[in-house]
Asker: 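Below are the structure tokens for one structure; questions will follow.
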Amino acid sequence: MLSNAMLQKILLVLTSLLVIAWVTSTISQNSTKLWSMVNLSISFYHWNISKESSCPEISTSLIKSPIETELRIREILQKIDQLIPPRPFTHVNTTTSATHSTVSILNPRDTYCRGDQLDILLEARDYLGRRKEYGGDFLRARMSSPALKAGASGKVTDFNNGTYLVSFTLLWEGRVSLSLLLIHPSEGVSALWRARNQGYDKIIFKGKFVNGTSEVFTECGLTPNSSTELCTYLYGTDQEAFYCEKPPHMPCEALTHVNTKNREISYLSLKEKSLFHKSKVGVETMKDLKHIYVFQCKKREKSTEKCQIGMKTPVPGGYTLQGRWITTFCDQIQLDTNKTNGCLKGKLIYLLGDSTLRQWIYYLPRVVKTLKFFDLHGIGLFKKHLLLDAERHTQIQWKKHSYPLITSQLHSVRDAGHIPQEIDQVSGDKNTAIVITFGQHFRPFPIDIFIRRAISVRKAIERLFLRSPDTKVIIKTENIREMHTETERFGDFHGYIQYLTLNDIFKDLNVGVIDAWDMTIAYGTNNIHPSDNVIEKQINMFLNYIC
């Protein structure tokens with residue numbers, strides 16, 4: 001007979017063997033999932049939050065799973081939150097005042113030479129004249145010479161203690177005026193950031209369903225916030241979603257058109273709204289530093305490398321002089337009509353985005369007379385546009401990006417170009433080029449919508465480069481826009497955060513960048529649809545990339 005102690009030892013050994021066998025089996029069955037999680041923890045990216053730059057740094061490893069995408073979006077959101085912490089706001093007198101803030105030139109000189117850097121220190125003060133102890137003000141730096149039709153953006157470095165370094169590269173000679181606008185104080189920035197991410201309902205979407213002669217409109221949106229039965233529309237491999245209330249006696253496939261209007265809702269308090277009165281937005285801080293004189297002291301050093309895909313764009317990436325756009329990091333060829341015709345010969349060009357890119361397809365046939373619009377039987381401004389030059393085998397098309405698209409005009413959902421899907425349908429070759437822009441229509445919504453789209457677009461570009469590395473992809477960033485138009489929904493602060501995020505998500509891809517944000521600041525155009533002169537310079541930059 002075995003003793004009780006011996007029986008307990010045997011049972012313990014058998015139990016241990018069973019546990020080991022179960023763990024081994026579980027690991028074997030789930031090895032792929034476990035390895036994915038290990039890869040996920042290793043590939044986490046970090047944001048570079050330093051005194052030198054407020055731009056987040058995002059890892060560029062290929063996103064492998066929906067779970068990783070969700071975690072990456074969450075991580076990005078957390079890091080932006082750290083860049084825009086909540087700021088105490090008790091009274092307007094405690095907020096940053098452009099009038100009371102002071103600016104001074106660091107290391108002033110008797111003579112300033114073309115190519116020099118001019119540094120200015122801003123000390124932010126409130127309306128009571130007290131030094132601010134934290135940063136976060138939304139500032140815009142620009143230098144200009146109106147008589148020379150010259151302008152360039154400046155670089156602002158936030159030391160997070162109420163002081164800012166404003167750096168200008170002196171790019172032309174003559175009398176130069178300096179400007180540093182306080183767009184919003186840090187308290188306003190904090191309020192806008194909270195309000196933006198508080199709700200998806202600042203815009204009302206209306207979907208038109210058609211079944212024979214019957215038409216029904218129902219409410220749609222970016223989130224499933226209705227208690228009624230919903231139609232869910234999934235887009236692309238990442239299955240971004242759009243939702244509509246399902247009309248009775250109609251299938252979900254009957255959705256044909258969508259339009260929008262602004263909802264009368266705000267997530268700002270009355271006190272916070274006072275920070276965005278017209279008199280408080282875009283106020284000049286350089287009240288005493290009117291202008292300086294710049295001389296041609298030394299021989300100009302000129303870059304000899306042609307502008308090409310993959311180049312990194314500095315700040316500023318260029319400047320305007322006598323109306324021309326001159327890049328600071330490469331040699332840009334100014335293309336006349338003949339060179340443009342030759343450049344476009346045999347090209348297949350896809351313009352995917354919003355109306356700021358639609359301006360290109362309206363401008364091109366005015367310059368290239370052989371390009372003619374082909375009637376695709378669409379209706380309205382948001383229809384697909386197609387330019388053809390049969391003799392030169394040139395095709396250029398513009399398609400609106402898919403939701404969110406904000407317009408009171410009904411537009412077809414059948415020809416909406418979900419950018420990742422459109423990229424996936426392009427075979428690609430050395431004569432194919434894709435231009436992408438999105439952002440303006442994303443501003444009224446929590447930023448996770450924008451981040452998700454940017455990641456989806458990046459993944460589609462990576463897939464394109466696997467099958468066709470010679471295809472040229474160009475990212476056009478957002479323009480600045482009207483400074484006093486519905487700040488909570490459409491203000492440039494929202495666009496600037498998207499601009500920083502987009503630049504970092506795409507920064508190590510072999511793509512060209514047309515920095516429309518930098519360009520429109522340089523030209524001083526506060527219009528969502530800049531003049532033809534600016535559109536011409538954007539297109540010229542694009543042609544330099546592809547030819």
Side-chain angles (χ1 to χ4, degrees), residues 40-41 43-60 63 67-90 94-96 124 132-139 156-162 164 183-202 222-223 240 265-269 271-273 275-276 404 439 442-456 458 477-478 487-507 517:
L40 178 59
S41 64
S43 65
F44 268 174
Y45 48 92
H46 304 279
W47 284 34
N48 180 22
I49 305 172
S50 69
K51 293 181 180 180
E52 292 303 316
S53 172
S54 61
C55 298
E57 181 178 332
I58 301 171
S59 170
T60 51
I63 301 172
I67 294 176
E68 186 170 353
T69 299
E70 296 302 322
L71 291 175
R72 187 156 297 192
I73 292 170
R74 189 183 309 167
E75 183 76 6
I76 293 171
L77 287 169
Q78 290 173 351
K79 296 305 180 181
I80 299 179
D81 283 338
Q82 292 176 15
L83 292 175
I84 315 171
R87 294 302 185 192
F89 176 40
T90 55
T94 65
T95 65
T96 308
K132 295 293 290 292
E133 296 181 352
Y134 49 82
D137 297 316
F138 184 35
L139 303 163
V156 179
T157 303
D158 185 349
F159 292 111
N160 299 310
N161 60 2
Y164 302 83
I183 309 295
H184 305 305
S186 53
E187 296 81 6
V189 166
S190 178
L192 287 174
W193 181 240
R194 188 206 72 247
R196 173 173 186 171
N197 294 296
Q198 200 161 332
Y200 295 82
D201 53 355
K202 300 183 187 72
L222 303 175
T223 56
E240 298 178 74
I265 190 172
S266 173
Y267 294 103
L268 297 173
S269 68
K271 185 167 62 174
E272 289 170 336
K273 288 180 181 179
L275 297 175
F276 306 108
F442 289 74
R443 292 185 181 191
F445 305 101
I447 201 171
D448 66 292
I449 297 290
F450 176 82
I451 296 171
R452 185 182 305 279
R453 183 65 51 81
I455 290 174
S456 297
R458 180 192 166 99
T477 67
E478 291 179 56
T487 302
E488 183 177 355
R489 283 186 177 91
F490 299 110
D492 272 345
F493 163 71
H494 300 313
Y496 183 62
I497 295 300
Q498 293 177 174
Y499 168 76
L500 295 180
T501 304
L502 190 75
N503 282 341
D504 279 322
I505 288 176
F506 289 96
K507 69 180 178 182
W517 188 274

Asker: Return the minimal non-hydrogen interatomic distance between Arg443 and Phe490, and the atom names on each side.
Answerer: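 Looks like NH1-O, 2.8 Å.
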Asker: Flag the pair Glu70 / Arg452 as yes when at least one side-chain heavy-atom distance between them is below 4.5 Å, and no otherwise.
Answerer: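 Of all side-chain heavy-atom pairs linking Arg452 with Glu70, at least one is under 4.5 Å.
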Asker: Show the nearest heavy-atom pair for residues Asp158 and Asn160, with the distance to one decimal.
Answerer: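 For Asp158 versus Asn160, the nearest heavy atoms are OD1-N, 2.7 Å.
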Asker: Run the side-chain contact (heavy atoms from CB on, under 4.5 Å) check on Arg87 and Lys132 step by step: do they pass?
Answerer: CA-CA 12 Å; Arg87 294 302 185 192; Lys132 295 293 290 292; over 6 Å; no
Asker: Determine yes or no for a side-chain-to-main-chain donor-acceptor pair under 3.5 angstrom, with Thr501 supplying the side chain and Ile497 the backbone.
Answerer: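 Flag set: sc Thr501 to bb Ile497 pair under 3.5 Å.
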Asker: Nearest 0.5 angstrom please: Ile76 CD1 to Asp81 CG, how far?
Answerer: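 Output value for this atom pair is 12.0 Å.
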Asker: Which value, rounded to the nearest 0.5 Å, describes the distance between Gln498 atom CD and Asp492 atom CG?
Answerer: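 The CG atom of Asp492 is 10.5 Å from CD of Gln498, to the nearest 0.5 Å.
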Asker: Could you tell me which non-hydrogen atom of Pro404 sits nearest to which non-hydrogen atom of Arg453, and how far apart they are?
Answerer: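 Minimum heavy-atom separation between Pro404 and Arg453: CD-NH2, 4.4 Å.
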Asker: Under the 3.5 angstrom rule, does the side chain of Arg196 hit a backbone N or O of Phe445 as a donor-acceptor pair?
Answerer: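 The answer is yes, because a donor-acceptor pair under 3.5 Å joins these two groups.
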Asker: Ring pair (Phe, Tyr, Trp, His ring centres under 6.0 Å) with His184: which residues, sequence neighbours excluded?
Answerer: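 Scan of His184 (ring pair (Phe, Tyr, Trp, His ring centres under 6.0 Å), adjacent residues dropped) gives Phe276.
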Asker: If every non-hydrogen atom of Asp137 is compared with every non-hydrogen atom of Ser186, which pair is closest and at what distance?
Answerer: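 Minimum heavy-atom separation between Asp137 and Ser186: OD1-N, 2.7 Å.
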Asker: Name the orientation class of the two ring planes belonging to Tyr496 and Trp517 (parallel below 30°, tilted from 30 to 60°, perpendicular beyond 60°).
Answerer: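 Rings of Tyr496 and Trp517: tilted, 30 to 60°.
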Asker: Do any N or O atoms from the side chain of Tyr267 and from the backbone of Ala191 form a donor-acceptor pair under 3.5 angstrom?
Answerer: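 No.
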Asker: Does the Arg458 side chain pair with the main chain of Ile505, one donor and one acceptor, at a distance under 3.5 Å?
Answerer: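 Yes; judged by distance alone, with no hydrogens or angles, the pair exists.
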Asker: Regarding Asp448 and Tyr200, is there a side-chain donor-to-acceptor distance under 3.5 Å anywhere?
Answerer: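 Judged by distance alone, the side chains do pair up.
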Asker: Between Glu187 (side chain) and Thr95 (backbone), is there a donor-acceptor pair under 3.5 Å?
Answerer: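 A pair under 3.5 Å: no.
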Asker: Quick check: closest heavy atoms across Gly136 and Val189, and the distance to 0.1 Å?
Answerer: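 That would be O-CG2, 3.6 Å.
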Asker: Considering only heavy atoms from C-beta outward, does the side chain of Thr487 approach that of His494 to under 4.5 Å?
Answerer: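 SC-SC contact between Thr487 and His494 ruled out.
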